[in-house]
Engineer: 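Before I ask anything, let me first share the structure, which is written out below as structure tokens.
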Amino acid sequence: MSRNVAVIGAGPAGLIAAHELRLEGHKVVVFEQQKQVGGTWVYTPQTESDPLGVDPVRNTVHSSLYHSLRTNLPREAMGFRVYPFRVNDSEKRDGRRFPGHREVLEYLTEFANEFEIVELVRFETQVVHVGMVMEPDGGSSTKNWRVRSKSKSTPRKRDYSHSDDEMNEEEFVEIDEIYDAVVVCVGHYKEPRVAQIQGIDVWPGKQMHSHNYRIPEPFRDQVVVLIGASMSAADISREIAAVTKQVHIAIRSVDTTRRSTAPSIRPGYDNTWLHYSMVIILSSHHQA
């Protein structure tokens, strides 16, 4: 039985979800708040008004990509089964097995065009509410979903006579629609996850989340503490080490292969230290 399905997000998950749903005969509408497909793989040099990402009224930026980011998985493991992530022979493309973010976006764009998924997407349209359809007696129906979206023009008729700078809040239009099912594919990298650290609210030094990191230059000649030791910390610490005075990586977990938890210098670097089982307490009398 064919269903009317709303897919929220036109990143990798949303694109393949739309493809598979349509393959099964369902009618699909994809909602995407950006101007193009790709989701988190759409790089922008813009950062949020609150570098730490805790202000609830800050201007938000969807992507967490930094300029130099490459994949940490080989392209063979990232492609869709129906459309493998093969090397493009063009000189302008990135043929590395672990390509940069621009190559991933190219691949996703090609997939969306090849399978005509892009025709299903309502760009610059933000979903502001999803809820079950309420019955007249106040009860909820388990069969249908109400989706309220906001766009710069109605989905069926867009006005491109104005530039983006001329668009304002008054020109947004909200519409309600009913769907049989909703697939949420919005990712989980938009909201920074910030550690709870004693004294962070009074510490006068610069603070930011890696979500808002783009290039190393702002850290030139500074002493920097990175809290965390996962993928982004590994990339960023190596990149900023080329311009900073010192980099200190605070690692909460203990490496069980080490005999000591004392700070150690990172091999190959003379200004980067690893601090194991480090407890961070910030003071208003110190800056880093």
Side-chain angles (χ1 to χ4, degrees), residues 40-41 43-55 58 61 63-74 94 96-104 188-288:
T40 195
W41 291 100
Y43 172 79
T44 174
Q46 297 177 343
T47 56
E48 298 181 343
S49 55
D50 175 16
L52 195 57
V54 296
D55 185 354
R58 70 189 186 280
V61 175
S63 179
S64 297
L65 296 181
Y66 31 95
H67 187 267
S68 64
L69 185 139
R70 291 175 60 183
T71 67
N72 58 3
L73 292 174
D94 186 348
R96 293 174 295 181
R97 194 179 186 196
F98 295 83
H101 58 79
R102 297 173 188 81
E103 182 67 14
V104 180
H188 56 274
Y189 294 113
K190 181 179 178 180
E191 290 295 329
R193 185 177 179 183
V194 181
Q196 298 299 314
I197 301 172
Q198 182 179 341
I200 196 171
D201 55 336
V202 297
W203 190 64
K206 298 177 182 178
Q207 302 176 39
M208 69 176 294
H209 192 278
S210 60
H211 173 73
N212 287 303
Y213 174 80
R214 297 294 183 267
I215 57 176
E217 188 57 35
F219 299 94
R220 180 170 294 279
D221 298 327
Q222 296 184 0
V223 177
V224 181
V225 175
L226 274 77
I227 301 174
S230 192
M231 302 300 181
S232 59
D235 283 350
I236 294 172
S237 63
R238 288 184 172 92
E239 186 165 73
I240 66 175
V243 299
T244 57
K245 287 183 179 179
Q246 298 177 9
V247 179
H248 298 269
I249 306 172
I251 305 171
R252 180 173 57 183
S253 58
V254 178
D255 183 353
T256 57
T257 63
R258 290 177 53 85
R259 296 183 179 180
S260 171
T261 59
S264 63
I265 195 164
R266 170 181 272 171
Y269 295 81
D270 60 5
N271 65 341
T272 303
W273 285 265
L274 307 176
H275 298 262
Y276 296 91
S277 291
M278 185 176 182
V279 177
I280 302 294
I281 299 178
L282 298 177
S283 168
S284 60
H285 301 295
H286 297 84
Q287 296 189 36

Engineer: Any idea which heavy atoms bring Ala233 and Gly228 closest together, and the distance?
Structural biologist: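 Result for this residue pair: CB-O, 3.2 Å.
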Engineer: For Arg96, I'd like to know if atom CZ has over 12 heavy atoms of other residues, nucleotides or ligands within 6.0 Å.
Structural biologist: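 Check passes, neighbour count above 12.
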Engineer: Can you see which heavy atom on Tyr213 is nearest to which on Ile215, and at what distance?
Structural biologist: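 Smallest interatomic distance, heavy atoms only, reads CE1-O, 3.2 Å.
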Engineer: Measure the spacing between CD1 of Ile249 and CD1 of Ile227 and express it to the nearest 0.5 Å.
Structural biologist: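 One finds 12.0 Å between CD1 of Ile249 and CD1 of Ile227.
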Engineer: Using modelled atom types and a 3.5 Å cut-off, is there a donor and acceptor pairing between side-chain atoms of Thr71 and backbone atoms of Leu73?
Structural biologist: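 Confirmed, Thr71 side chain pairs with Leu73 backbone.
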Engineer: Would you say the side-chain atoms of Asp94 pair up with the backbone N or O of Gly100, donor to acceptor, closer than 3.5 Å?
Structural biologist: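 Answer holds: yes.
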Engineer: To the closest 0.5 Å, what do you measure between NE2 (His101) and CG (Leu65)?
Structural biologist: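 Taking NE2 in His101 and CG in Leu65, the distance rounds to 5.5 Å.
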Engineer: When rounded to the nearest 0.5 angstrom, what is the spacing between CG in Leu52 and NZ in Lys206?
Structural biologist: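 Result: 14.5 Å between the selected atoms.
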Engineer: Is the shortest side-chain heavy-atom distance between Asp235 and Asn72 below 4.5 Å?
Structural biologist: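 No. Closest side-chain heavy atoms not under 4.5 Å.
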Engineer: Is there a side chain to side chain contact (heavy atoms under 4.5 Å, CB included) between Arg238 and Val247 once you walk through the steps?
Structural biologist: CA-CA 9 Å; Arg238 288 184 172 92; Val247 179; over 6 Å; no
Engineer: Working to the nearest 0.5 Å, report the span between CG of Leu69 and OH of Tyr43.
Structural biologist: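 That separation rounds to 10.5 Å.
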Engineer: Examine distances only and state if a side-chain atom of Glu48 and a backbone atom of Val61 form a donor-acceptor pair shorter than 3.5 Å.
Structural biologist: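 Present.
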Engineer: Quick check: does any side chain N or O of Asn271 sit under 3.5 Å from a backbone N or O of Thr244, one acting as donor and the other as acceptor?
Structural biologist: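 Side chain of Asn271 to backbone of Thr244, a donor-acceptor pair under 3.5 Å: yes, one is there.
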Engineer: Determine yes or no for a side-chain-to-main-chain donor-acceptor pair under 3.5 angstrom, with His211 supplying the side chain and Glu191 the backbone.
Structural biologist: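 No, the answer is negative, given that no donor and acceptor are paired below the 3.5 Å cut-off.
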Engineer: How about Ser264 and Trp273: do any of their side-chain heavy atoms sit closer than 4.5 Å?
Structural biologist: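 They are not in contact (no side-chain heavy atoms under 4.5 Å apart), so the answer is no.
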Engineer: When you measure from the side chain of Asp50 to the backbone N and O of Asp55, does any donor-acceptor pair fall under 3.5 Å?
Structural biologist: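 It does hold such a pair.
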Engineer: To the nearest 0.5 Å, how far apart are CZ in Arg214 and CE in Met208?
Structural biologist: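 Between atom CZ of Arg214 and atom CE of Met208 there are 8.0 Å.
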Engineer: Work out which heavy atom in Ser64 is nearest to a heavy atom in Thr40; give both atom names and the distance.
Structural biologist: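 Looks like N-OG1, 4.0 Å.
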Engineer: To the nearest 0.5 Å, what is the distance between OG (Ser63) and CD (Gln46)?
Structural biologist: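 Going from the OG atom of Ser63 to the CD atom of Gln46 covers 11.0 Å.
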Engineer: What residues, two or more places apart in sequence or in another chain, satisfy salt bridge (charged side-chain N to carboxylate O under 4.0 Å, His left out) together with Glu239?
Structural biologist: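 Glu239: no salt bridge (charged side-chain N to carboxylate O under 4.0 Å, His left out) contacts found.
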Engineer: Compare every heavy atom of Lys190 with every heavy atom of Pro192, then report the nearest pair and how far apart it is.
Structural biologist: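 For Pro192 and Lys190, the tightest heavy-atom pair comes out as CD-O, 3.3 Å.
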Engineer: Do the side chain of Arg58 and the main chain of Pro51 share a donor and acceptor less than 3.5 angstrom apart?
Structural biologist: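 No; zero donor-acceptor contacts below 3.5 Å.
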Engineer: What pairs with Asn212 under side-chain hydrogen bond (donor to acceptor under 3.5 Å, both in side chains), at least two apart in sequence or on another chain?
Structural biologist: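 Once residues adjacent in sequence are excluded, Asn212 has no partner under the side-chain hydrogen bond (donor to acceptor under 3.5 Å, both in side chains) criterion.
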